[in-house]
Amino acid sequence: MSNKFIPHTEADIQNMLAKIGVKSVDDLYADIPAEVILRRDYNIPSAMSEIEIRNFFNALGKKNETLTIFAGGGAYDHYSPSVIYHLLQRSEFYTAYTPYQPEISQGTLQYIFEYQSMISELTGMECANASMYDGSTACAEVAFMMVASARKKNRVLVSETLLPQIKEVVKTYCHFHGVDLTFIPEKDGVTDLAQLDELLAAGDVAGVILPTPNRYGIIEDFTGVADKVHAAKALLGVYADPSALAVLRTPAEWGADIACGDGQSLGLPLNFGGPYLGFIACSKAQLRKMPGRVVGATTDADGKRAFVLTLQAREQHIRREKATSNICSNQSLMALYATIYVALMGKQGLKEVNVLSADGAHYLFDKLVESGRFAPAFPGKPFLKEFALKTDMDIDALNARLAAEGIMGGLNIGDGRLLLAVTEKRTKAEIDRLVTLMTK
């Protein structure tokens with residue numbers, strides 16, 4: 001055969017052509033105008049040997065400039081243990097992501113089940129899905145869940161302190177789904193809860209979405225908020241950094257009905273913007289409104305533990321017209337990555353990641369403020385690994401100077417404010433060098 005990847009023999013092809021009543025493969029394209037048919041060879045480079053292709057891509061990769069990262073804004077440079085890549089490629093896991101046939105998909109179904117269990121434990125919620133494309137689309141889906149649950153209410157409140165890129169995606173989704181989206185103003189870097197009270201008083205709110213930590217890295221206090229939201233017969237959703245939930249109060253502890261966020265902080269490397277991993281977790285009362293897949297554990301005919309897709313009746317491939325969402329795929333490989341990461345780190349490891357990150361962030365914060373060149377953007381507000389500072393320096397020029405020194409500086413968030421993040425990967429020497437470069 002001329003191409004070993006095409007399984008059909010010449011006899012197979014002739015039999016198929018005879019069956020459909022045409023003489024040649026070209027006859028299948030007879031209706032296509034001649035002027036749009038490509039009649040030259042494809043512009044494909046010549047074949048390379050294995051060593052040549054490796055050398056080619058190595059040379060290409062060296063054109064990327066690797067920086068020491070002090071930026072955050074929803075994507076964080078956490079360490080990824082090298083063993084993850086080896087475990088990812090085990091044959092029982094590294095398979096197609098659509099496990100509709102449980103008898104041949106037990107590996108995929110098992111790690112999705114374990115992923116759901118870990119997300120449920122991190123958020124404190126009763127159940128979780130597997131999984132969404134990223135945090136922004138997951139947050140938009142939560143807005144739809146709230147409206148679907150409320151039925152006669154079509155308004156969702158979202159805090160202005162949510163990450164800006166998340167807000168933009170939610171705005172787009174809600175606009176084209178006819179959801180009335182209202183933003184709760186911020187005050188001194190946190191959600192203005194007095195404004196929230198006024199908005200809830202209108203009686204037309206289906207749900208409220210609040211962040212932890214927020215866009216400035218601040219850990220907001222939502223004490224009593226769930227009671228007010230539920231008294232208004234609305235649902236409370238919390239957009240959370242799942243890594244930070246190892247040390248912060250969980251959405252369930254805040255009284256939330258739904259939690260969502262991006263799993264990138266669970267060891268997923270920074271890959272020029274993706275792929276990322278959105279998650280949704282909720283109470284049992286909201287389970288049937290949640291999009292995405294849910295995997296359950298059961299026993300097979302021999303009494304052995306087995307895994308299956310559950311609640312399939314609500315999925316798009318079965319009851320498309322009644323589906324809560326157009327999500328019919330998932331970031332299964334990224335869910336596997338996060339599952340292995342969390343399993344490797346364990347409770348103590350996740351806690352240590354956050355303790356080291358917090359120690360480094362507060363050390364950097366103190367040093368920059370002590371220099372006199374920077375001041376707290378929101379004095380007295382608690383933060384974990386990310387914080388905002390004010391300065392009269394040209395932030396873009398500062399970041400360009402840092403980049404020339406091999407450092408990705410903080411994000412310019414406007415109004416003379418700089419957003420910096422520190423993870424457990426940053427050493428004291430790296431932080432001290434950053435301080436020197438930023439204050440000279």
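Excluded from the calculations below are hydrogen atoms, water molecules and symmetry mates; all remaining heavy atoms, backbone and side chain alike, are included.
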- Are a donor atom and an acceptor atom from the side chains of Thr137 and Asp134 found within less than 3.5 Å of each other? yes
- In terms of side-chain geometry, is the basic nitrogen of Asp302 or Lys304 positioned less than 4.0 Å from the acidic oxygen of its partner? no
- Query: How far does CG of Leu309 sit from OG of Ser105, to the nearest 0.5 angstrom?
  - Reply: 8.0 Å
- Validation row: Val369, Pro376 side chains within 4.5 angstrom (heavy atoms): yes
- Note on the structure: Residues pairing under salt bridge (charged side-chain N to carboxylate O under 4.0 Å, His left out) where one sits in residues 213-232, two or more places apart or in two chains, turn out to be Asp197-Lys228
- Message: Would the distance check show the side chain of Asn214 and the main-chain N or O of Val190 forming a donor-acceptor pair, the cut-off being under 3.5 Å?
- Response: no
- Message: According to ring pair (Phe, Tyr, Trp, His ring centres under 6.0 Å), who are the partners of Phe387, at least two apart in sequence or on a separate chain?
- Response: Phe365, Phe383
- Message: Strictly by salt bridge (charged side-chain N to carboxylate O under 4.0 Å, His left out), give each pair with a member in residues 423-440 just once, sequence neighbours left out.
- Response: Asp77-Lys425, Asp77-Arg426, Glu405-Arg433, Arg426-Glu430, Lys428-Asp432
- Looking only at side chains, do Gln286 and Ser149 share a donor and an acceptor under 3.5 Å apart? yes
Would you give me the side-chain donor-acceptor pairs under 3.5 Å for residues 389-404, sequence neighbours excluded?
unit_1, atom_1, unit_2, atom_2, d
Thr391, OG1, Arg373, O, 3.1
Thr391, OG1, Met393, N, 3.1
Asp394, OD1, Asp396, N, 3.2
Asp394, OD1, Ala397, N, 3.0
Asp396, OD1, Asn412, ND2, 3.1
Asn399, ND2, Gly410, O, 2.8
Arg401, NH1, Leu437, O, 2.7

- Note on the structure: Residues pairing under ring pair (Phe, Tyr, Trp, His ring centres under 6.0 Å) where one sits in residues 419-440, two or more places apart or in two chains, turn out to be none
- Query: Between atom CG of Leu88 and atom CG of Leu336, what is the distance when rounded to the nearest 0.5 Å?
  - Reply: 5.0 Å
Show which side-chain atoms of residues 273-282 pair as donor or acceptor with protein atoms under 3.5 Å away, not counting sequence neighbours.
none

- Task: Applying ring pair (Phe, Tyr, Trp, His ring centres under 6.0 Å), name anything that partners Phe374, two or more places apart in sequence or on another chain.
- Result: none
- Task: Tell me, please, which residues at least two apart from His230 pass ring pair (Phe, Tyr, Trp, His ring centres under 6.0 Å).
- Result: none
- Query: Can you tell me how far CD of Gln264 sits from CG of Asn271, rounded to the nearest 0.5 angstrom?
  - Reply: 9.0 Å
- Item | Listed partners of Tyr216 passing ring pair (Phe, Tyr, Trp, His ring centres under 6.0 Å), at least two apart | Phe378
- Query: How long is the gap from CD1 on Ile340 to OG on Ser80, to the nearest 0.5 Å?
  - Reply: 11.5 Å
- Message: Check this for me: Gln165, atom CD, are more than 12 non-hydrogen atoms of other residues, nucleotides or ligands nearer than 6.0 Å?
- Response: yes
- Query: Applying salt bridge (charged side-chain N to carboxylate O under 4.0 Å, His left out), which residue pairs with at least one partner in residues 233-262 are found, sequence neighbours left out?
  - Reply: Asp241-Lys385
- About how many Å separate CD of Glu114 and OH of Tyr111, when rounded to the nearest 0.5 Å? 12.5 Å
- Query: Rounded to the nearest 0.5 Å, what separation is found between the CG atom of Leu287 and the SG atom of Cys127?
  - Reply: 4.5 Å
- Pairwise salt bridge (charged side-chain N to carboxylate O under 4.0 Å, His left out) hits with a residue in residues 175-188, at least two apart: none
- Message: Can you see whether Ser159 engages Thr191 through a side-chain donor-acceptor pair at a distance of less than 3.5 angstrom?
- Response: yes
- Message: Ala150: which residues meet the side chain to side chain contact (heavy atoms under 4.5 Å, CB included) condition with it, sequence neighbours left out?
- Response: Lys153, Ala206
- Query: Within a reach of under 6.0 Å around CG of Leu60, are more than 12 heavy atoms found that belong to other residues, nucleotides or ligands?
  - Reply: yes
- Task: Using a 4.5 Å cut-off on heavy atoms from C-beta on, say whether the side chain of Leu235 contacts that of Val229.
- Result: no
